[in-house]
Participant: 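Here it is, the structure, as structure tokens.
Atoms within each ligand, like the ligands themselves, are counted from 1 in listed order.
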Amino acid sequence: MIIVLKQGAPKKTIDAIMEQVEKLGFKPHAIVGIERTVIGAVGDDRERHTLEVLEANPFVEKLMPILQPYKLASRQIKKEPSVIKVGGASFGGLHFGVIAGPCSVESEKQIIETAVKVKKAGARMLRGGAFKPRTSPYSFQGLEEAGLKMLAKARKESGLPFVTEVINPEDVELVGKYADVLQIGARNVQNFSLLRRAGKHGRPILLKRGMSTTIQEFLMSAEYVLSEGCRDVILCERGIRTFENATRNTLDISAVPVIHERSHLPIIIDPSHAAGYKNYVAPLSFAAMACGADGLIIEVHPEPLKAMCDGPQSLDIAEFTAMMKRLKELAVFSGKKLK
Ligand code: PEP
Ligand code: MN
């Protein structure tokens with residue numbers, strides 16, 4: 001249920017209503033909008049009539065049931081798009097954030113060199129996996145904590161915040177100790193215990209769509225994170241499985257306007273995992289900006305031929321720099337600020 005408060009409702013009243021909502025067995029989430037505050041009361045829908053007593057409060061304008069199964073992720077609860085800021089990177093609203101870096105952290109030299117160079121080209125956040133979810137148990141699994149330390153060093157050298165994946169609920173604390181943003185990957189989009197643990201941690205979350213999750217399921221996964229108190233969830237469309245095998249996955253570009261209609265959360269595009277081949281990365285990135293996406297996450301490696309993971313889809317520094325130059329030109333027409 002959404003409890004819409006009147007303009008100028010005092011903080012004391014908001015706190016009292018939150019307390020009352022909790023007593024009635026619901027979890028209250030205050031959402032402060034530009035014009036007014038609303039309180040999302042989330043809980044057992046069958047009991048929502050018990051909240052009607054709140055209508056007696058003179059500062060309550062109205063009660064509105066949330067029609068979608070995802071509540072805190074829905075547009076209904078927050079009309080304005082959420083803008084998520086991490087260091088110098090912003091995603092959502094007018095802001096278009098670019099994240100770049102290798103699929104996996106391989107060495108200190110590799111990650112620092114990449115960080116410094118992608119920043120120079122215009123990236124605002126570094127990516128790099130220290131825990132890799134690999135299809136084969138015999139493939140490189142990542143440098144784990146040593147990789148996190150290298151990422152922290154690259155952040156210090158470049159000034160870029162970094163996002164890195166967490167694949168186990170037990171590792172959330174460890175990864176959260178180093179990372180600015182926790183990534184939950186496509187394969188874990190419905191790992192509900194991981195979603196809950198990550199949502200409790202407090203760091204912003206980059207949540208990737210699964211290769212076979214519907215948009216509704218994807219938003220329900222975001223709801224798990226939000227329901228634990230996390231406010232900062234960046235969604236990421238990274239391609240879905242279809243019959244087409246000319247590309248690694250099929251970029252579902254329509255997820256961008258659909259998600260913008262249904263949710264206030266920002267949605268970025270990962271053209272690297274969608275395409276699987278570096279030649280398609282720039283065109284898909286331009287499409288992402290043209291259709292109103294809130295940013296990109298791109299795999300960049302100083303020597304893609306030597307990459308331990310996802311080399312064929314990785315741009316080298318020169319290719320990334322050229323793509324960013326074009327993207328900056330397009331930004332002028334798209335109404336987005338590259339930030
Ligand atoms: C990644 O970002 O390196 C990754 C494994 O992505 P996805 O979860 O989208 O496959
Ligand atoms: Mn990858």
Participant: State whether E299 and R127 are salt-bridged, where the test is any N-O pair (Lys NZ or Arg NE/NH1/NH2 against Asp/Glu carboxylate O) under 4.0 Å.
Facilitator: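 Answer for the salt bridge query: yes.
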Participant: Which of the numbered atoms in ligand 1 are under 4.0 angstrom from any heavy atom belonging to G185?
Facilitator: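 Near G185, meaning under 4.0 Å from one of its heavy atoms, ligand 1 has 8 (O).
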Participant: Taking only heavy atoms of A186, which atoms of ligand 1 are found under 4.0 Å from at least one of them?
Facilitator: 7 (P), 8 (O), 9 (O)
Participant: Go through ligand 1 atom by atom and flag the ones less than 4.0 Å from a non-hydrogen atom of R238.
Facilitator: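 Ligand 1 atoms under the 4.0 Å threshold to R238: 7 (P), 9 (O), 10 (O).
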Participant: Taking distance alone, with no angle check, do E165 and ligand 1 share an N/O pair under 3.5 Å?
Facilitator: no
Participant: Going by the order shown, which atoms of ligand 1 are within less than 4.0 Å of some heavy atom of R187?
Facilitator: 7 (P), 8 (O), 10 (O)
Participant: Below 4.0 angstrom from a heavy atom of C103, which ligand 1 atoms are there? Numbered from 1 as shown, please.
Facilitator: 3 (O)
Participant: Say whether, by atom type as modelled, one donor and one acceptor occur between the side chain of E237 and the main chain of I253 under 3.5 angstrom.
Facilitator: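 No.
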Participant: Which ligand 1 atoms, with their elements, are less than 4.0 angstrom from a heavy-atom of E299?
Facilitator: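 Counting atoms of ligand 1 from 1, those under 4.0 Å from E299 are 3 (O).
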Participant: Tell me every residue that passes side-chain contact (heavy atoms from CB on, under 4.5 Å) with N57, counting only those two or more places apart in sequence or in another chain.
Facilitator: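 Checked N57 against side-chain contact (heavy atoms from CB on, under 4.5 Å); matches are T13, I17, F59, V60.
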Participant: How wide is the angle at the Mn ion (ligand 2) between OD2 of D310 and OE2 of E299, to the nearest 10°?
Facilitator: 120°
Participant: Taking distance alone, with N or O pairs closer than 3.5 Å, would you say K132 contacts ligand 1?
Facilitator: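 Yes; at least one N/O pair falls below 3.5 Å.
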Participant: Has ligand 1 got any nitrogen or oxygen that is less than 3.5 angstrom from a nitrogen or oxygen of K208?
Facilitator: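 K208 vs ligand 1: N/O contact under 3.5 Å present.
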Participant: Between K336 and D294, is there a side-chain N and carboxylate O pair less than 4.0 Å apart?
Facilitator: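 Looking at D294 together with K336, the answer is yes, because their closest N to O distance falls below 4.0 Å.
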Participant: Give a rough value, rounded to 10 degrees, for the angle at the Mn ion (ligand 2) between atoms SG of C103 and NE2 of H273.
Facilitator: 170°
Participant: Are any of the side-chain nitrogens in K208 or E165 under 4.0 Å away from the carboxylate oxygens of its partner?
Facilitator: no
Participant: Using only heavy-atom distances, determine whether the side chains of D310 and H301 contain a donor-acceptor pair under 3.5 Å.
Facilitator: no
Participant: Less than 3.5 Å apart, any donor N or O on the side chain of H201 or E228 sitting next to an acceptor on the other?
Facilitator: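 Side chains of H201 and E228: no pair found under 3.5 Å.
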